[in-house]
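Report on the following structure.
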Amino acid sequence: MDLALLRTFVAVHRAGSFTRAAGLLGLSQPAVTSQIRILERQLGRPLFDRRARGVTPTAVGDELAQKAAPHLDALLRITEAELEAAGALRTLHIAGPPEFLCLRVLPALAPLVGQGHSLRTAFPSRAEEALDGLAAGHHDLVVTTAQPRGGPFTATALCDEEHLLVAAPYWAAFVDAERLRADGPAALDGIPLVEVHETLPLATRYWSAVFDTHPDARPPAATVVAPDLRAVLECVRAGAGCAVLPRYLCQDALDTGRIVALPEPAVPPLRTWFLVVRAGSLALAHLARAHDRLLRAAVRW
């Protein structure tokens with residue numbers, strides 16, 4: 001059986017689409033379709049059911065993938081080892097939110113730059129956009145809080161992020177701790193809210209988890225929208241209002257007293273970060289190395 005046909009088959013099986021597999025393999029979509037048809041004729045059985053959007057493997061297709069994929073991955077590892085031995089520069093394309101990449105991911109991966117790695121980053125505005133880019137081969141690794149369900153991905157939990165409600169000392173002085181515990185967000189009336197988007201995603205999650213309600217709609221003049229968490233932090237430090245921020249981002253400002261945490265709940269809201277790669281791509285040595293390095297670094301986060 002032709003290894004090229006098996007390689008194409010495994011790519012389609014993992015991508016769930018002839019079109020996506022073609023992009024990853026550097027082939028045209030008709031060429032991929034033709035190779036799958038040849039393989040199906042050789043086996044005498046259909047390997048995929050064609051759908052309106054993508055393909056679904058048949059039982060025969062799943063069985064063949066389970067048998068063939070590990071061997072193809074092993075061959076890929078051999079090729080990668082030879083490239084590394086030859087001193088080839090390996091480029092890693094990473095996508096995710098700019099704050100988390102800049103403050104967590106890139107510092108953890110920086111030592112790899114002196115070990116034959118080149119790093120390239122992208123900051124998609126939405127998690128769905130990042131995952132679409134990963135599936136299409138534009139990124140090698142995505143860091144996101146949106147855990148993909150199925151599809152051509154392998155997701156690994158990286159770390160939990162604790163969220164705090166914070167404000168500058170000036171505003172915190174107006175918040176009565178007992179009233180906040182008793183009356184919930186009503187104790188925050190009159191304090192502007194700083195957020196990353198008009199839909200108030202962080203405040204909505206916090207209000208739901210801590211106060212079992214939704215943040216009240218606020219007039220535009222009473223809400224500051226800054227589409228970067230670092231900008232939100234600077235606005236809060238400057239006295240613009242209160243905000244929900246991850247502890248990793250604001251810990252230094254808390255330690256120096258530039259901002260303060262408003263009375264914290266017994267169980268703070270958490271959000272989980274995931275490392276997401278294309279299925280089978282950890283056979284690439286440089287990607288596996290970065291993936292492992294991030295998992296080890298996250299233990300200290």
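Along the sequence shown, residues are numbered consecutively beginning with 1. Computed from a prediction, not measured in an experiment: that's the story for all the values here.
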Within-4.5 Å side-chain heavy-atom neighbours: [X] and [Y]:
| X | Y | value |
| --- | --- | --- |
| Leu158 | Trp301 | yes |
| Leu193 | Leu188 | no |
| Thr272 | Gln147 | no |
| Ser281 | Asp140 | no |
| Val277 | Leu275 | no |
| Arg205 | Leu202 | yes |
| Tyr206 | Pro185 | no |
| Val55 | Ile36 | no |

Using only atom types and a distance under 3.5 Å, with no angle test, would you say the side chain of [X] pairs donor to acceptor with the backbone of [Y]?
| X | Y | value |
| --- | --- | --- |
| Glu99 | Leu229 | yes |
| Ser34 | Pro30 | no |
| Ser208 | Thr204 | no |
| Arg50 | Phe48 | yes |
| Gln35 | Phe9 | no |
| Glu162 | Pro268 | no |
| Arg247 | Leu164 | no |
| Arg278 | Leu134 | yes |

Side chain to side chain contact (heavy atoms under 4.5 Å, CB included) between Leu47 and Val12, intermediate numbers included: CA-CA 10 Å; Leu47 297 171; Val12 173; over 6 Å; no
Applying side-chain hydrogen bond (donor to acceptor under 3.5 Å, both in side chains) between His117 and each of Arg289, His286, Arg90, report the one that passes. Arg289
Decide yes or no on side chain to side chain contact (heavy atoms under 4.5 Å, CB included) for Leu24 and Arg14, but give the supporting numbers first. CA-CA 11 Å; Leu24 295 172; Arg14 285 171 167 168; over 6 Å; no
Nearest-0.5 Å distance, [atom1] of residue [X] to [atom2] of residue [Y]:
| X | Y | atom1 | atom2 | result |
| --- | --- | --- | --- | --- |
| Leu6 | Leu39 | CG | CG | 6.0 Å |
| Trp273 | Tyr248 | CH2 | OH | 5.5 Å |
| Arg258 | Leu233 | CZ | CG | 9.0 Å |
| Ile78 | Asp73 | CD1 | CG | 11.5 Å |

Linked, directly or transitively: [X] and [Y] (ILVMFWY side chains, under 4.5 Å):
| X | Y | answer |
| --- | --- | --- |
| Leu131 | Phe100 | no |
| Val105 | Leu282 | yes |
| Leu25 | Val10 | yes |
| Ile191 | Val244 | yes |

Grab the two heavy atoms, one from Thr144 and one from Ala127, that are nearest each other, plus how far apart they are. OG1-CB, 3.5 Å
Work out which heavy atom in Thr154 is nearest to a heavy atom in Ala279; give both atom names and the distance. OG1-CA, 3.6 Å
Where does the angle between the aromatic ring planes of Phe174 and Trp171 fall among parallel (under 30°), tilted (30 to 60°) and perpendicular (over 60°)? tilted
Could you tell me whether Glu63 and Lys67 make a salt bridge, using a distance below 4.0 angstrom between a side-chain N and a carboxylate O? yes
Assess whether a salt bridge exists between Glu40 and Arg37, defined as any Lys/Arg side-chain N lying under 4.0 Å from an Asp/Glu carboxylate O. no
Checking side chain to side chain donor-acceptor pair (under 3.5 Å) for the pair Asp255/Gln251: CA distance, chi angles, key distance, verdict? CA-CA 6 Å; Asp255 291 342; Gln251 188 63 59; 2.8 Å; yes
Going through the checks in order, is the side chain to side chain contact (heavy atoms under 4.5 Å, CB included) test met by Arg230 and Cys102? CA-CA 10 Å; Arg230 292 165 297 185; Cys102 291; 3.5 Å; yes
More than 12 foreign heavy atoms under 6.0 Å from CG of Asp49: is that the case here? yes
Other residues, nucleotides, ligands: >12 heavy atoms within 6.0 Å of Arg293 CZ: yes
Check the pair Glu161, His163 against side chain to side chain donor-acceptor pair (under 3.5 Å), reporting the backbone distance first and the verdict last. CA-CA 7 Å; Glu161 171 185 275; His163 283 187; 2.6 Å; yes
